[in-house]
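Computed over heavy atoms, backbone and side chain alike; hydrogens, waters and symmetry mates excluded. Each chain gets a letter, A, B and so on, in the order its sequence line appears, and its residues count up from 1.
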Number of protein chains: 2
Amino acid sequence: MKGGNDVIDERSLLLLGILMAQSAHGYQINDFIEKNLLYVTEIKKATAYVLLDRMALSGFVTVHTEQAGNRPPRKVYSITPEGIEQFQSLLRQNLEHPDSPIYKGDVGLMFLDHLPKDEVAHHLQQRLQRLQEQMNLFQKGLSHSHAAGIQLSLEHRLLHMQLEVDWLERIAAQLQSSTDEKTVQ
Amino acid sequence: MKGGNDVIDERSLLLLGILMAQSAHGYQINDFIEKNLLYVTEIKKATAYVLLDRMALSGFVTVHTEQAGNRPPRKVYSITPEGIEQFQSLLRQNLEHPDSPIYKGDVGLMFLDHLPKDEVAHHLQQRLQRLQEQMNLFQKGLSHSHAAGIQLSLEHRLLHMQLEVDWLERIAAQLQSSTDEKTVQ
DNA sequence: TTTTCCATGTAACTCGTTACATGATTTC
DNA sequence: GAAATCATGTAACGAGTTACATGGAAAA
């Protein structure tokens, strides 16, 4: 009744998916994630190393150690047939189930009425500015042409960012105008 | 260098915010959250009880025990002046900082190319259907008129849901049509 | 009379992060 | 010669969830 397959583990899916393209060692994988997938996942290096070893125990990947020159030895992971099946199973589940992301900002929104409107407007404009900076950085990373799927997922992310920007502009303007009215009348 | 104020704690903000409206006991608060804020927060009952007691130790709330009939005694929490300051501070931070939600579904998107297009289209249509069901439920809860801020945050959530629906419909249609082409030609 | 609701609390556990250890090697 | 990169690993810690304990009252 407990087990682990109820909640989909998108971290394993990610690692297996990367290994579907080619075998790789941990450092390589972590590097790729850090440089390209900042907005897609929050997995940390230590976690990835542990997960890779765990997947080796489960038989989803095999390991063999490589030595290049006399640099630190690399543990190169390759996906196995069972790993491929697991990957496909996780992928299907991931595709079928909508995720319910939590927007932490919604908690603040709930209590807007406890601060003066113009102050709220000011804070939201701050938020807007930061968001736009994030979006600029994000779009730079977007142009480096990736595989089709990666491109798609980054564009998906961008759509939600853009919605957020539009929404913030609208709300901030509303708050602004409603305080202006009072000032004018 | 570590401390607790670096990452904004939206759970405390939520609890303090609820107590800004009126004093309440733990069960009452948990009940409200469970019935109204399913999509806003993931805080669990046990966590809320612990947090309320912790905030009492920090002086942000006071507790007094009430007995109604001989039902289980209630621990009623009231926000203190220091609590109000903390609430406002957390609220300002929450409003100023955009959140970077993680869309777990984006991980799956990255690896679309590893399944046949028509299968992907099928899975995404499944996802779409489930999402629409969620949205129906959500909209029912939306109509029960809440305070202005709560209404706003729920509408915000709805916007993102709607974007997701539109996006899914577009992508699923694209995948469908590109497999149709092959069938026709 | 069995189930659900009221009302709180906590021990055990899971999961993941932080922070550090190690050591060679290229770059500045 | 100092700093960043390469490459992995793990112990300690923290946060939060699960699952259970308790026990009366109201609803079915």
Just to confirm, is there a sub-4.0 Å distance from OP1 or OP2 of C/dC6 to any side-chain nitrogen or oxygen of B/Tyr27?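 Yes, such a contact exists.
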If the cut-off is 4.0 Å, is A/Arg74 near the phosphate of D/dA7, judged by side-chain N/O to OP1 or OP2? yes
Of B/Tyr49 and A/Lys44, the one whose closest nucleotide on DNA chain C sits nearer the 5' end is B/Tyr49
Most 5' of B/Tyr77 and A/Arg54 on DNA chain C, judged by nearest nucleotide: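 The residue mapped nearer the 5' terminus is B/Tyr77.
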Enter the distance from A/Leu154:CG to B/Asp106:CG here, rounded to the nearest 0.5 Å.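 It is 8.0 Å, given to the nearest 0.5 Å.
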Atom CD1 in B/Ile33, atom NZ in B/Lys45: separation rounded to 0.5 Å? 10.5 Å
Could you please name the option among [options] that lies closest to any side-chain atom of [X]?
{"X": "B/Arg11", "options": "D/dA7, D/dA19, D/dG16", "result": "D/dG16"}
{"X": "B/Ala46", "options": "D/dC6, C/dC6, D/dT17", "result": "D/dT17"}
{"X": "B/Val50", "options": "C/dC6, D/dC6, C/dT10", "result": "C/dT10"}

Atom pair distance, as rounded to whole Å: [atom1] in [X] and [atom2] in [N]:
{"X": "A/Ile29", "N": "D/dA7", "atom1": "CD1", "atom2": "C1'", "value": "13 Å"}
{"X": "A/Phe32", "N": "D/dT5", "atom1": "CZ", "atom2": "C1'", "value": "20 Å"}
{"X": "B/Asp31", "N": "C/dT8", "atom1": "CG", "atom2": "P", "value": "11 Å"}
{"X": "A/Arg71", "N": "D/dT8", "atom1": "CZ", "atom2": "C1'", "value": "14 Å"}
{"X": "B/Asn30", "N": "C/dG9", "atom1": "CG", "atom2": "C1'", "value": "12 Å"}
{"X": "B/Leu14", "N": "D/dG16", "atom1": "CG", "atom2": "P", "value": "13 Å"}
{"X": "A/Leu52", "N": "D/dT8", "atom1": "CG", "atom2": "P", "value": "9 Å"}
{"X": "B/Glu42", "N": "D/dA15", "atom1": "CD", "atom2": "P", "value": "18 Å"}

I'd like to know if the side chain of B/Lys75 reaches the main chain of B/Pro73, judged simply by a donor and an acceptor atom lying under 3.5 Å from each other, with no hydrogens or angles considered. no
Backbone N/O of A/Phe32 and side chain of A/Asn36: donor-acceptor pair under 3.5 Å: yes
Need one value for [X]: base, sugar-phosphate or nothing, where a base atom within 4.0 Å counts as base even if backbone is also close, heavy atoms only.
{"X": "B/Asp53", "result": "sugar-phosphate"}
{"X": "B/Gln67", "result": "nothing"}
{"X": "B/Lys45", "result": "nothing"}
{"X": "B/Glu66", "result": "nothing"}

Is the centre of the A/Tyr77 ring less than 6.0 Å from the centre of the A/His25 ring? no
